Amino acid sequence: MRSALAGLAAIALTTLAMGLDAGFAAWAVLRTAAGVASAWVLIHTSAWCLERLAPLQRPLLNGAVFAGVGPGIVVAGALCLVLMAARASSASAWLALGLVSLATTVAVWPVLASGGAAAPPARAAQRWTSEQVRLVLAYGAYGFGYIIPATFLPVMARQVIEDPAVFGWAWPVFGAAAAVSTLAVVPLSQRYGNRAAWIGSQLVMALGVAAPIAWPGIAGIVLAALCVGGTFVVITLGGMQEARTAAGPHAAGLMAAMTAAFAAGQVVGPLAVSFLLGASGGFAGALLFACAVLVLGAALLLRPR
């Protein structure tokens, strides 16, 4: 787990550095480094945890590991609410979040450092199958569809309600839904399988993305936060488990490819939104496009007869 620990430390340090007024170029480099470190942590932590929890035959433990993302979002969102109420600057917010991240890294370091290393992967070259390619494409569609509401939900909330004490709750609600859903979906995954849980969650996310169009105002935004927040970690867990099933000893390589596709979707998503906003002047077109991409990604997961 040393690779994951190094990634956690990199995230904490880059977050702290974002609070320094070093100019846009340096900030962009730091953001890129933080994104790479986040992907690094996800891949290594997922491979390590799923490999060691599999012999225990207790799926709830898998859900508990991935449920940790939700409380992290809740803490970050609540801290931002406090900072907004105190009229703190964005630089102060980055420094505060960096300190929390650094403290968390220090707290988990002894536990993970003593956890041992994952079994070395097989040395044979990985042979890509159509099944694995579809997993990568579906995960990339998830990244595209997820990043649009994750980025612009607070913006849409602020357009409806100017009080930051109200619209700032979008992220805590988002994180709380993520924490609860990962544990709640375990019985469904056991009964219907991880693939079915992934497909169902991606369709629910698509519904949430389109919710602000069907129900304009704060009600649609809250529903979107619940649907997207309540499914994105479930999809992540299901995707990593499906990678282990499809690739076996080469699961880490497939997880890396899926994470890269997810990151590519996150890059393309905001660019598409900017284009569609310029064309229509509103979020409706971008949300509908993201909804369609998510549905298409779910269709890719259907196994051909």
Side-chain angles (χ1 to χ4, degrees), residues 63 66-74 76-78 138-161 166-189 192 194-242 262 265-266 269-270 272-273 276 282-302:
F66 283 80
V69 176
I73 295 175
V74 172
Y139 209 72
Y142 153 53
F144 181 95
Y146 157 77
I147 194 60
I148 291 177
T151 302
F152 295 102
L153 270 181
V155 178
M156 290 185 284
R158 188 169 187 173
Q159 290 179 345
V160 177
I161 300 176
V166 178
F167 72 74
W169 280 97
W171 269 115
V173 170
F174 191 94
V180 174
S181 64
T182 312
L183 299 174
V185 80
V186 170
L188 296 177
S189 298
Y192 301 106
N194 295 319
R195 179 72 62 97
W198 181 355
I199 294 173
S201 296
Q202 195 142 318
L203 293 176
V204 171
M205 179 179 287
L207 174 66
V209 170
I213 303 174
W215 295 282
I218 195 64
I221 294 172
V222 171
L223 180 59
L226 290 173
C227 289
V228 178
T231 55
F232 86 99
V233 183
V234 174
I235 296 174
T236 303
L237 172 59
M240 297 300 102
Q241 289 176 321
E242 283 295 296
F262 178 85
Q266 288 188 308
V273 170
L276 293 171
F283 286 104
L287 294 176
L288 286 175
F289 188 49
C291 178
V293 170
L294 286 167
V295 173
L296 178 60
L300 288 172
L301 295 171
L302 297 173

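Please read these numbers as outputs of a predicted model, since none were measured by experiment.
Across all non-hydrogen atoms, the minimal contact from A211 to L223 is CB-CD2, 3.8 Å. Contact between C227 and G208 at its shortest, heavy atoms only, is CB-CA, 3.4 Å. Nearest heavy atom pair, residue S189 against residue A197, reads OG-CB, 3.5 Å. Considering all non-hydrogen atoms of both residues, A177 and L226 come closest at CB-O, 3.8 Å. For the residue pair R195 and L301, the shortest heavy atom distance occurs at NH1-O, 2.7 Å. Taking all atoms of both residues into account, the shortest heavy-atom contact from I213 to A284 is CD1-O, 3.4 Å.
T231 and Y146 share no side-chain donor-acceptor pair at under 3.5 Å.
Only one option out of V204, I148, V228, L288 pairs with V209 in a side chain to side chain contact (heavy atoms under 4.5 Å, CB included); it is V228.
At least one side-chain heavy atom of I73 sits under 4.5 Å from a side-chain heavy atom of F232. T236 places a side-chain heavy atom less than 4.5 Å from the side chain of Y139.
Between atom CG of residue N194 and atom CD of residue E242 there is a gap of 5.5 Å, rounded to the nearest 0.5 Å. Separation of atoms CE (M240) and CD1 (I235) is listed at 11.5 Å; rounding is to 0.5 Å. Here CG of L294 is found 11.5 Å from OG of S201. Values are rounded to the nearest 0.5 Å. Rounded to the nearest 0.5 Å, atoms CD (Q202) and CG (L300) are 9.0 Å apart.
Here the two rings, on F144 and F289, have centers that are under 6.0 Å apart.
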Exercise. Step by step, would you call Y142 with Q266 a side-chain contact (heavy atoms from CB on, under 4.5 Å)?
Worked result: CA-CA 9 Å; Y142 153 53; Q266 288 188 308; over 6 Å; no
For this session: Apply the test side-chain contact (heavy atoms from CB on, under 4.5 Å) to residues L302 and I199: give CA-CA distance (whole Å), side-chain angles for both, the deciding distance (0.1 Å), then the verdict.
Result: CA-CA 8 Å; L302 297 173; I199 294 173; 3.8 Å; yes
